Amino acid sequence: MRIGIVSDTHVWSYLKLPPEVAQVFAGVDLIIHAGDVLGLGVLRGLEGIAPVVFVEGNCDHFDGPERAVVHAGQHAIGVVHRPPRLFQVETLADYFGEPVGAVVHGHTHRSHITQMGDVLCMNPGSPTTPRDGARSVILLEATDELRPRIHVLGPGTGGD
């Protein structure tokens with residue numbers, strides 16, 4: 001299974017996303033948006049590529065879930081907007097309602113892939129307003145193991 005991961009788009013329209021997002025996500029089975037979508041048109045546009053699971057971020061003002069769990073084969077992946085350092089890794093099963101082996105989050109606008117104990121943590125950064133200098137998303141290959149890769153879309157900022 002191939003999963004596209006994006007967060008912190010901060011645009012009102014899918015047309016405001018960099019075209020590289022659609023190019024990187026072409027052929028994925030699922031897209032995860034880890035919050036701060038801003039406009040629901042972004043989600044509708046992403047749904048034209050693949051089904052979307054999203055969580056609401058602190059800048060979103062619509063009725064979305066605060067957290068979600070995505071099942072990719074044998075893997076349970078928790079999705080939340082704020083970074084997992086805000087809660088103890090030992091409580092992730094309580095927080096998500098089941099044990100998770102990975103957590104996708106956003107909020108910081110900085111991409112990273114980090115192992116925290118037994119939990120793989122992934123932040124795709126932002127395709128429009130990065131704080132680490134590079135617009136980015138993650139492409140995750142979920143087979144017998146999870147293999148994430150950060151895709152840098154280029155320098156600079158964008159957005160509405």
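This is a predicted model, so every value here is computed, not measured. What you see below is based on every heavy atom in this structure, not just the backbone, and it leaves out hydrogens, waters and symmetry mates. Here, residue 1 is the first one in the sequence, and each next residue gets the next number.
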Between [X] and [Y], which heavy-atom pair has the shortest distance, and what is it?
X      : Y      : answer
Ala76  : Glu98  : CB-OE1, 3.9 Å
Pro130 : Ala134 : CB-O, 3.3 Å
Leu30  : Pro51  : CD1-O, 3.4 Å
Ala102 : Leu146 : CB-CD1, 3.7 Å
Pro65  : Phe54  : CG-O, 3.3 Å
Val80  : Glu66  : CG2-O, 3.9 Å

Requested in this report: Only one of Leu153, Thr128, Val6 passes side chain to side chain contact (heavy atoms under 4.5 Å, CB included) with Leu17; say which it is.
Outcome: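 Result: among Leu153, Thr128, Val6, Thr128 is the only option passing the side chain to side chain contact (heavy atoms under 4.5 Å, CB included) with Leu17.
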Query raised in the report: Under the criterion side chain to side chain contact (heavy atoms under 4.5 Å, CB included), which of Val24, Ile150, Ile5, Val21 is the partner of Ser136?
Result: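 Testing each of Val24, Ile150, Ile5, Val21 against Ser136, the sole residue satisfying side chain to side chain contact (heavy atoms under 4.5 Å, CB included) is Ile150.
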Drop me the distance from [X]'s [atom1] to [Y]'s [atom2], to the nearest 0.5 angstrom.
X      : Y      : atom1 : atom2 : value
His61  : Glu56  : NE2   : CD    : 8.0 Å
Ile138 : Arg149 : CD1   : CZ    : 11.5 Å
Leu46  : Ile31  : CG    : CD1   : 4.5 Å
Ile77  : His71  : CD1   : NE2   : 9.5 Å
His107 : Ser7   : NE2   : OG    : 9.5 Å
Thr143 : Arg2   : OG1   : CZ    : 12.5 Å

Requested in this report: Would you sort out whether Val103 and Phe96 count as a side-chain contact (heavy atoms from CB on, under 4.5 Å), showing the intermediate values?
Outcome: CA-CA 10 Å; Val103 173; Phe96 287 108; 4.1 Å; yes
Where the side chain of [X] meets the backbone of [Y], is there a donor-acceptor pair that is under 3.5 Å apart?
X      : Y      : result
Asp36  : Cys59  : yes
His105 : Gly35  : no
Asp29  : Ala50  : no
Asp8   : Gly106 : no
Glu47  : Ile49  : no
Thr114 : Cys121 : no
Arg131 : His109 : no
Asn123 : Arg110 : yes

Requested in this report: Please assess Arg135 against Glu20 for the test side-chain contact (heavy atoms from CB on, under 4.5 Å), listing each intermediate value before the final yes or no.
Outcome: CA-CA 10 Å; Arg135 299 175 298 113; Glu20 299 97 332; 3.7 Å; yes
**Report entry** Check against side chain to side chain donor-acceptor pair (under 3.5 Å), His33 and Thr9
**Finding:** CA-CA 9 Å; His33 195 304; Thr9 49; 3.1 Å; yes
Query raised in the report: Ser111 and Asp132: side chain to side chain donor-acceptor pair (under 3.5 Å), yes or no, with the steps?
Result: CA-CA 8 Å; Ser111 59; Asp132 56 4; 3.2 Å; yes
